[in-house]
Protein chains: 2
Amino acid sequence: MLNQTPNLDQMFQALADPTRRAMIDRLSRGPASVSELAKPFDMSLPAVVQHLQALEASGLVSSQKVGRVRTCQIEPAALSLAEQWLNERRTLWMQRLDRLGEYLEATAGEEEPK
Amino acid sequence: MLNQTPNLDQMFQALADPTRRAMIDRLSRGPASVSELAKPFDMSLPAVVQHLQALEASGLVSSQKVGRVRTCQIEPAALSLAEQWLNERRTLWMQRLDRLGEYLEATAGEEEPK
DNA sequence: TTGTTACTTAATTTTATGCTTAACCAAACT
DNA sequence: AGTTTGGTTAAGCATAAAATTAAGTAACAA
């Protein structure tokens, strides 16, 4: 089943937890079942599942259940959305810096010529 | 003063709040004082300052005080770090998909020739 | 059909967040 | 000197988040 409207609040919230980032990291190497995802963590299964729910609610991960195993995978479009948000703000700032630099260069030596 | 070791937990945590994202958005258009940043929000000044502290602790924003006004600006390198983390996982996943696609294409028609 | 595997649900506890008000401090006006 | 402006500190409170244990369900395997 496809998921939620991707929402930046939930996405960044999901990414703020090291366990959840480790899960995304694992999933970036390919799909995995809930118990495969749980294996590396010293944590109860329900806790892992709650993290997974946070990831799914955010849209970053999707899953489907076949028989009794739930298989999870990354939702690259959602990752991309968060990425873009950051990129837009950063480049806006950097463009401003560039213009400021050009201005300073252009007006250099007007008040105090070398 | 330059800030914290940028830490993904704190960065994504900082980005998870809409007020804080709005502040970054504002700062992407240029530096601002604390009260300028506070103006758009229906919220006490101390609350705004707490958000600002979260942003500074994460490394996403830095500030310096001159006289009695504190001026804040974006720290583009930190934004870039979060961006990269997302990008690396997403491209890893997508490369995997590509290889899978090629494989399927290469083996197409071996079992059921059109 | 009995047991095991792979989750799922529910209840509870602990800790962290986001916000408020009140009081305070120091720079800049008048 | 007295007042306003810009920000800081501290205490308290309500809600949300992260984890636990205990109990339950459905698929598959022997």
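When reading the values below, keep in mind they use all heavy atoms of this one structure, side chains included, and skip hydrogens, waters and symmetry mates.
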- request: Could you tell me whether the side chains of B/T71 and B/Q64 share a donor-acceptor contact shorter than 3.5 Å?
  value: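 There is no such pair (donor and acceptor under 3.5 Å, judged by atom type) between the side chains of B/T71 and B/Q64.
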message: Let me check something: do B/V61 and A/L92 share a hydrophobic cluster, defined by ILVMFWY side-chain heavy atoms less than 4.5 Å apart, either directly or through other members?
response: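 No; A/L92 is not reachable from B/V61 via cluster members.
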- prompt: Does B/F41 belong to the same Ile/Leu/Val/Met/Phe/Trp/Tyr cluster as B/I24, with side-chain heavy atoms less than 4.5 Å apart forming each link?
  reply: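 As far as the 4.5 Å side-chain criterion goes, B/I24 and B/F41 are connected within one cluster.
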- request: Answer whether the closest heavy-atom distance between the side chains of B/L60 and B/L79 falls below 4.5 Å.
  value: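 Yes, at least one pair of side-chain atoms sits under 4.5 Å.
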message: Heavy-atom nearest nucleotide on DNA chain C for A/R68 versus B/R20: which residue maps closer to 5'?
response: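 Comparing both residues, the 5'-ward one is A/R68.
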query: How long is the span from the CZ atom in A/R20 to the CD atom in A/Q50, to the nearest 0.5 Å?
result: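 So the CZ of A/R20 and the CD of A/Q50 are separated by 10.0 Å.
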CZ on B/F12 to CZ on A/R21, rounded to 0.5 Å: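 Answer for the CZ-CZ pair, A/R21 versus B/F12, is 6.5 Å.
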field: side-chain hydrogen bond (donor to acceptor under 3.5 Å, both in side chains) between B/S63 and B/E56, intermediate numbers included
entry: CA-CA 8 Å; B/S63 73; B/E56 262 195 272; 3.0 Å; yes
- prompt: Just checking B/S33: base, sugar-phosphate only, or nothing, at a heavy-atom cut-off of under 4.0 Å?
  reply: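 It contacts sugar-phosphate atoms only.
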field: Sidechain-backbone polar pair: A/R29 side chain, B/R96 backbone, donor-acceptor under 3.5 Å
entry: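 No, the answer is negative, given that no donor and acceptor are paired below the 3.5 Å cut-off.
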query: In residues 35-53 of chain B, what residues come within less than 4.0 Å of DNA chain C, judged by heavy atoms?
result: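 Output list: B/M43, B/S44, B/P46, B/A47, B/Q50, B/H51.
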query: Contact boundaries of DNA chain D with chain A (under 4.0 Å, heavy atoms), 5' to 3'?
result: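 It runs D/dA18 to D/dC28.
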